[in-house]
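One structure coming up, written as structure tokens, with questions to follow.
We're numbering straight along the sequence, starting at 1. The basis for the numbers below is simple: all heavy atoms, side chains too, and nothing from hydrogens, waters or symmetry mates.
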Amino acid sequence: MAIIGIDLGTTNSACGVWKPQGVELIPNRLGEVLTPSVVGLDDSGEIIVGRTARQRLIHHSDKTVAAFKRLMGTGHRVALGTQLFSATELSSLVLRSLKEDAEAHLGGHGLWPAPEPGGAVPDPGFGGRHL
């Protein structure tokens with residue numbers, strides 16, 4: 001089993017795998033090592049994460065959200081179309097995307113169960129408490 005680390009950032013997120021020679025950043029499905037921490041809904045209502053979502057931020061602002069990590073622990077909910085999401089739920093979607101990219105990069109081996117919307121996300125910015 002691989003040892004990976006994730007930086008869930010306010011603007012961008014990244015994932016790396018520990019190798020004997022050091023950490024190797026894992027590219028996402030677009031071949032980039034940084035994934036924008038942006039979540040949205042596409043025209044069919046499906047969740048999109050990363051650069052694709054960020055590209056829709058201006059013209060589809062009612063269906064796209066960024067900088068939601070700043071809302072962690074506040075109880076505030078954000079509307080994407082007709083659905084409401086907490087910052088934790090939105091973060092879990094970014095984490096799921098990074099997990100899928102890591103699995104693809106590492107040959108499809110399962111890493112851990114996908115975070116479920118509403119699950120606990122440790123945030124060192126809040127003293128390591130689970131939010």
With sequence neighbours excluded, give me every salt bridge (Lys or Arg N to Asp or Glu O under 4.0 Å) pair touching residues 11-25.
Lys19-Glu24

When you look at Leu90 and Leu80, which way does the side chain to side chain contact (heavy atoms under 4.5 Å, CB included) test go after all the steps?
CA-CA 10 Å; Leu90 294 166; Leu80 286 182; 4.0 Å; yes

More than 12 heavy atoms of other residues, nucleotides or ligands under 6.0 Å from CD1 of Ile58: yes or no?
no

Can you tell me how far the OG1 atom of Thr35 sits from the CG atom of Asn28, to the nearest 0.5 Å?
4.0 Å

Which residues pass the side-chain hydrogen bond (donor to acceptor under 3.5 Å, both in side chains) test with Arg51, not counting sequence neighbours?
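Scan of Arg51 (side-chain hydrogen bond (donor to acceptor under 3.5 Å, both in side chains), adjacent residues dropped) gives Glu32.
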
Where do Phe85 and Ile47 land on the side chain to side chain contact (heavy atoms under 4.5 Å, CB included) test, with the steps shown first?
CA-CA 12 Å; Phe85 294 88; Ile47 297 286; 4.1 Å; yes

Using links of under 4.5 Å between side-chain heavy atoms of ILVMFWY residues, direct or through other members, which residues join Ile3 in one cluster?
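Ile3 clusters with Trp18, Val23.
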
Are the charged groups of Lys99 and Glu103 less than 4.0 angstrom apart, N to O?
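Between Glu103 and Lys99 there is a salt bridge, with a charged N closer than 4.0 Å to a carboxylate O.
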
What residues, two or more places apart in sequence or in another chain, satisfy side chain to side chain contact (heavy atoms under 4.5 Å, CB included) together with Ala67?
Thr10, Arg70

All heavy atoms of Leu8 vs all of Lys69, minimum pair found to be O-NZ, 2.6 Å

Return the CG to NE2 distance between Leu98 and His105, rounded to the nearest 0.5 Å.
13.0 Å

What pairs of residues pass the salt bridge (Lys or Arg N to Asp or Glu O under 4.0 Å) test when at least one of them lies in residues 58-67, not counting sequence neighbours?
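Every pair satisfying salt bridge (Lys or Arg N to Asp or Glu O under 4.0 Å) with a residue in residues 58-67: there are none.
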
Minimum heavy-atom separation for Ser92 and Glu89, please, with both atom names.
OG-O, 2.6 Å

Set of side chain to side chain contact (heavy atoms under 4.5 Å, CB included) partners for Ser97, sequence neighbours left out:
Arg29, Val49, Asp101

Salt bridge (Lys or Arg N to Asp or Glu O under 4.0 Å) contacts in which one or both residues fall within residues 8-18, not counting sequence neighbours:
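Residue pairs passing salt bridge (Lys or Arg N to Asp or Glu O under 4.0 Å), neighbours aside: none found.
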
Run the side chain to side chain contact (heavy atoms under 4.5 Å, CB included) check on Leu106 and Ile4 step by step: do they pass?
CA-CA 10 Å; Leu106 298 171; Ile4 68 163; 4.1 Å; yes

Could I get the full list of side-chain hydrogen bond (donor to acceptor under 3.5 Å, both in side chains) partners for Asp7, not counting sequence neighbours?
none

Side chain to side chain contact (heavy atoms under 4.5 Å, CB included) filter on Leu25, not counting sequence neighbours, yields Val33

Look up atom CG in Leu95 and atom OG in Ser13, then write down how far apart they are to the nearest 0.5 Å.
7.0 Å

Shortest non-hydrogen contact between Phe68 and Ser37, atoms and distance:
CE2-O, 3.4 Å

Shortest non-hydrogen separation from Arg77 to Leu84 and the atoms involved:
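Reported closest heavy-atom pair: NH2-O, 3.2 Å.
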
Thr82: what forms a side-chain hydrogen bond (donor to acceptor under 3.5 Å, both in side chains) with it, not counting sequence neighbours?
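Residues passing side-chain hydrogen bond (donor to acceptor under 3.5 Å, both in side chains) with Thr82: none at all.
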
For Ala66, side chain to side chain contact (heavy atoms under 4.5 Å, CB included) partners two or more places apart:
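Expected list: Val38, Leu57.
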
Can you give each donor-acceptor pair under 3.5 Å made by side-chain atoms of residues 39-46, sequence neighbours left out, with the distance rounded to 0.1 Å?
| residue | atom | partner | partner atom | Å |
| --- | --- | --- | --- | --- |
| Asp42 | OD1 | Ser44 | N | 2.9 |
| Asp42 | OD1 | Ser44 | OG | 2.9 |
| Asp42 | OD1 | Gly45 | N | 3.0 |
| Asp42 | OD1 | Glu46 | N | 2.8 |
| Asp43 | OD1 | Arg56 | NH2 | 3.0 |

